[in-house]
Amino acid sequence: MDSPWTFTGESAAVSAADGLTLVDGTNFLISERSGDFNGVGPVGLFMRDTRVLSFWQLTVNGSRIQPLTVGSSGPFSATFAGRVDRPDAPDEPIAVIRRRYLGRGMREDLELRNHGSQPQQLSIELGAAADFGDLFAVKAGRRSESVETTSEPTDDGVR
């Protein structure tokens, strides 16, 4: 039997080249290991054969999140663990946990942990966009017609 410090098996985490797919009925979401997706290729949140969310990117203090591992407790939920990726601060103490749930929409709970000994001031930004692309056009790599959209923050999310 291997001791905990000499594990020789393979990690169950998603490999660096893979993304993650969540499915609930006919709704599905395809993202990068970090939890982000940039609208390039067949990624995003799809509902009723339409991509309703084509871009989703989290930054902390202007830096993207470096993925460490991804876990899934079922076909419609995942937990992304990462750290703030700052080239000027390789020992960045901020860990980021994203818990994502797919159902009649998408919900994401965000948790930031400071593993340092000093308080941190953080700026958290979440970029989002929708192109309302047809599922089959997105899969084929065809661009959808431009659709004008608006968004506004609400007490419980963005509409």
Side-chain angles (χ1 to χ4, degrees), residues 9-87 92 94-114 120 122-159:
E10 291 202 24
S11 171
V14 178
S15 74
D18 292 337
L20 181 79
T21 302
L22 299 179
V23 177
D24 183 47
T26 59
N27 302 330
F28 64 96
L29 184 141
I30 303 171
S31 72
E32 299 170 9
R33 279 192 59 203
S34 66
D36 292 341
F37 44 91
N38 61 9
V40 177
V43 297
L45 172 61
F46 293 83
M47 303 181 82
R48 296 187 179 167
D49 293 338
T50 301
R51 181 164 64 179
V52 297
L53 195 56
S54 57
F55 180 85
W56 189 259
Q57 185 178 75
L58 176 67
T59 59
V60 176
N61 291 346
S63 298
R64 294 196 59 195
I65 307 306
Q66 176 188 22
L68 298 175
T69 190
V70 179
S72 181
S73 58
F76 50 83
S77 66
T79 300
F80 303 86
R83 62 183 288 277
V84 176
D85 188 16
R86 288 186 39 207
E92 177 68 50
I94 305 301
V96 178
I97 310 296
R98 301 166 83 168
R99 292 179 182 88
R100 183 171 294 161
Y101 307 92
L102 181 66
R104 293 186 316 179
M106 181 184 85
R107 182 178 118 200
E108 184 163 287
D109 298 334
L110 182 62
E111 178 182 337
L112 285 89
R113 297 180 184 174
N114 180 3
Q120 298 283 321
L122 302 175
S123 170
I124 302 166
E125 293 185 17
L126 181 63
D131 66 358
F132 300 105
D134 175 74
L135 168 66
F136 299 103
V138 170
K139 282 179 63 175
R142 296 190 310 264
R143 295 189 61 99
S144 300
E145 293 181 27
S146 180
V147 175
E148 187 173 324
T149 62
T150 60
S151 62
E152 65 180 69
T154 65
D155 290 340
D156 61 347
V158 177
R159 297 206 189 282

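Computed from heavy atoms alone, side chains included, the values below leave out hydrogens, waters and symmetry copies.
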side-chain contact (heavy atoms from CB on, under 4.5 Å) evaluation trace for Thr79 with Val70: CA-CA 6 Å; Thr79 300; Val70 179; over 6 Å; no

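For Ser73, the side chain to side chain contact (heavy atoms under 4.5 Å, CB included) partners two or more places apart in sequence, or in a different chain, are Ser77. Scored by the side-chain hydrogen bond (donor to acceptor under 3.5 Å, both in side chains) test, Gln120 finds no partners at all (sequence neighbours excluded). Considering only residues two or more places apart in sequence or on other chains, Ser123 meets the side-chain hydrogen bond (donor to acceptor under 3.5 Å, both in side chains) condition with none of them. Asn38 meets the side chain to side chain contact (heavy atoms under 4.5 Å, CB included) test with Glu32, Val40, Val43, Phe55; sequence neighbours excluded. With sequence neighbours left out, Glu108 forms a side chain to side chain contact (heavy atoms under 4.5 Å, CB included) with Trp56, Arg98, Arg100. With sequence neighbours excluded, the residues that form a ring-ring contact (aromatic ring centres under 6.0 Å, His included) with Phe46 are Phe28.
Note that CG of Leu102 is 6.5 Å distant from CG of Leu45, once rounded to the nearest 0.5 Å. A distance of 7.0 Å separates CG of Leu112 from CD1 of Ile94, quoted to the nearest 0.5 Å. In this structure, CE on Met106 lies 5.5 Å from CG on Leu53, to the nearest 0.5 angstrom. In this structure, the separation between CG on Asn114 and CG on Leu122 is 7.5 Å, given to the nearest 0.5 Å. Expressed to the nearest 0.5 Å, how far CG of Leu110 lies from CD1 of Ile65 amounts to 8.0 Å. Annotation: the span from Asn27 atom CG to Met47 atom CE amounts to 4.0 Å, rounded to 0.5 Å.
Here the side chains of Ser31 and Phe80 are in contact, with some heavy-atom distance below 4.5 Å. Looking only at side-chain heavy atoms (C-beta outward), Arg51 and Leu135 stay at 4.5 Å or farther from each other. You'll find the side chain of Phe37 reaches within 4.5 Å of the side chain of Leu29, heavy atoms only. Residues Asp109 and Glu111 are not in side-chain contact: their nearest non-hydrogen atoms beyond the backbone lie 4.5 Å or more apart. In this structure the side chain of Arg113 reaches within 4.5 angstrom of the side chain of Ile97, judged on heavy atoms.
Thr154 and Asp156 share a donor-acceptor pair across their side chains, judged by distance under 3.5 Å alone.
Counting non-hydrogen atoms of neighbouring residues, nucleotides and ligands closer than 6.0 angstrom, the CZ atom of Phe76 reaches no more than 12 such neighbours.
Residues Gln57 and Asp36 come closest through the heavy atom pair CA-OD1, 3.4 Å. Heavy-atom minimum distance, Ser63 versus Val84: CB-CG1, 3.9 Å.
In this structure, Ser72 contributes its side chain and Gly74 its backbone to a donor-acceptor pair below 3.5 Å.
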